[in-house]
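Keep in mind that this is a model prediction, so the values were computed, not measured. Labels below follow one simple rule: chain letters A, B, ... track the order of the sequence lines, proteins then strands, and each chain is numbered from 1.
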2 protein chains.
Amino acid sequence: MGRTRHETFTCAAGCTVEATLNLIGGKWKGVILYRLLTEEVLRFNELRRLLPSITQRMLTNQLRELEKDGLVQRTIYPEVPPRVEYRLTDEGRTLEPVISALKAWGDRYVANRAD
Amino acid sequence: MGRTRHETFTCAAGCTVEATLNLIGGKWKGVILYRLLTEEVLRFNELRRLLPSITQRMLTNQLRELEKDGLVQRTIYPEVPPRVEYRLTDEGRTLEPVISALKAWGDRYVANRAD
DNA sequence: CTGCATCCCCGCGGATACTG
DNA sequence: CAGTATCCGCGGGGATGCAG
């Protein structure tokens, strides 16, 4: 299925902002990345449990995109029943400051809306 | 027209990441915010020129959403021909670290893909 | 348990034309 | 100049079912 927006990366100034958003701006990617940053390694169904309202379809989908973009690593253990683990790649781990910034700002914003 | 995803903000841990992405993750919002952060104040057509491939429709649309979310301020000067200026609100200006993080990471990512 | 396949709705967002 | 209005295609994404 479709990637969430994805053009070639011939950018002018400031367009790299969009480039980043194209990678992490998917409907669930933010939370997925956040979870993998804090939990280090997660199985498919563990992720599902952490993202209560996501469908399997979308989880698979988003994970595949993150994998294709080199941000997430997928490890398959040839067992029965099958086990698949997801963790961030080195590249993916460099997103930590970005996700932190998003979360920090969101925390403040949501808190202020509470008044 | 539709906002780009917008649920109520009753979040669990890490969901504020999505909350932020819901506000700035629109197709053009990243660049718009980036521009307004650097240029301080811009008129409608100045923004259009800075975003070569955006349509008026989408520019208006995105600006309206940013305005409704309290990130952008719209000032109308009752002149002929009409003049409208866009600038960030105080709240919007607090996004600076976020946009910076997005841009910094994107710069690195795009550069590395160039090899 | 971890998926892929299919069906299908709906809303994002482009193109185009018109207005104060 | 700075929009609004309308039409409409395409693909995002939910629901469901099947498979290794």
Side-chain angles (χ1 to χ4, degrees), chain A residues 1-8 15 18 21-32 35-36 39 41-69 72-87, chain B residues 1-8 15 18 21-32 35-36 39 41-69 72-87:
Chain A
M1 250 207 52
R3 317 186 43 69
T4 12
R5 290 178 260 141
H6 221 274
E7 309 84 51
T8 40
C15 163
E18 287 301 326
L21 285 174
N22 285 339
L23 295 182
I24 72 172
K27 188 171 185 186
W28 303 93
K29 293 185 183 174
V31 217
I32 293 175
R35 289 308 187 172
L36 287 176
E39 313 272 340
V41 47
L42 287 168
R43 301 183 52 174
F44 189 80
N45 272 0
E46 291 177 328
L47 274 167
R48 282 188 64 183
R49 249 169 279 123
L50 290 173
L51 284 46
S53 58
I54 198 174
T55 58
Q56 318 96 319
R57 175 190 162 76
M58 280 314 291
L59 182 52
T60 307
N61 201 15
Q62 301 285 77
L63 284 170
R64 284 304 181 291
E65 293 191 10
L66 291 169
E67 188 189 1
K68 186 184 305 183
D69 290 327
V72 161
Q73 183 195 356
R74 178 159 164 262
T75 316
I76 311 171
Y77 296 88
E79 307 173 354
V80 181
R83 178 162 59 110
V84 179
E85 288 183 350
Y86 294 92
R87 72 195 71 210
Chain B
M1 250 205 52
R3 319 184 43 67
T4 11
R5 290 178 260 139
H6 221 272
E7 308 85 51
T8 41
C15 164
E18 288 301 326
L21 285 174
N22 285 339
L23 295 183
I24 72 172
K27 189 171 186 187
W28 303 93
K29 293 185 183 174
V31 215
I32 293 176
R35 289 308 188 171
L36 287 176
E39 313 271 340
V41 47
L42 287 168
R43 302 182 52 172
F44 189 80
N45 274 357
E46 292 178 327
L47 274 167
R48 282 188 65 182
R49 249 169 277 123
L50 290 173
L51 282 45
S53 57
I54 198 174
T55 58
Q56 318 97 315
R57 175 191 162 75
M58 279 315 290
L59 182 52
T60 306
N61 202 15
Q62 302 285 80
L63 284 170
R64 286 303 182 291
E65 292 191 10
L66 291 169
E67 188 189 1
K68 185 183 307 184
D69 289 327
V72 161
Q73 183 194 356
R74 179 158 164 261
T75 316
I76 310 171
Y77 295 89
E79 307 173 356
V80 182
R83 179 162 59 111
V84 179
E85 289 183 349
Y86 293 91
R87 73 195 70 208

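- As a whole-Å value, the separation of Leu47(B) CG from dA2(D) P is 10 Å.
- Contact annotation: Arg57(B) side-chain N/O to dA5(D) OP1/OP2 distance is not under 4.0 Å.
- When Arg64(A), Gln62(A), Met58(A), Arg57(A) are each tested for a side-chain contact (heavy atoms from CB on, under 4.5 Å) with Thr60(A), only one passes: Arg64(A).
- Atom pair Gln56(A):CD and dA15(D):C1' shows a separation of 9 Å (rounding to whole Å applied).
- Residue Tyr77(A) is out of contact with every strand shown, counting any heavy-atom pair closer than 4.0 Å.
- One interatomic measurement links the two molecules: CD of Glu18(A) to C1' of dG13(C), which rounds to 14 Å at whole-angstrom precision.
- Distance CG (Asn22(B)) to C1' (dG12(D)): 15 Å, rounded to an integer number of Å.
- Between Thr55(B) and dG14(C), a side-chain N or O to OP1/OP2 separation shorter than 4.0 Å is present.
- Rounding to the nearest 0.5 Å gives a distance of 11.0 Å between NZ of Lys29(A) and CG of Leu21(A).
- Contact annotation: Arg74(B) side-chain N/O to dG3(D) OP1/OP2 distance is under 4.0 Å.
- Counting to the nearest Å, the C1' atom of dC12(C) and the CD atom of Glu65(B) are 10 Å from each other.
- Distance CE (Met58(B)) to P (dC12(C)): 9 Å, rounded to an integer number of Å.
- Leu63(B) has its side chain out of reach of Arg74(B): every pair of non-hydrogen atoms, C-beta onward, lies at least 4.5 Å apart.
- Of the possible polar contacts, none joining the Glu85(A) side chain to the Val41(A) backbone as a donor-acceptor pair under 3.5 Å is found.
- Distances shorter than 4.0 Å separate some side-chain N or O of Arg64(B) from OP1 or OP2 on dT4(D).
- In terms of phosphate contacts, Asn61(A) brings no side-chain nitrogen or oxygen within less than 4.0 Å of OP1 or OP2 of dG13(D).
- Comparing Pro82(A) and Thr60(A), the nucleotide of DNA chain C nearest to each residue sits closer to the 5' end for Pro82(A).
- Considering CG of Leu59(B) and CD1 of Ile32(B), their distance stands at 5.5 Å, rounded to 0.5 Å.
- For the pair Lys27(A) NZ and dG14(D) C1', the computed distance is 9 Å after rounding to whole Å.
- What separates CD of Gln62(A) from C1' of dG13(D) is a distance of 10 Å, to the nearest Å.
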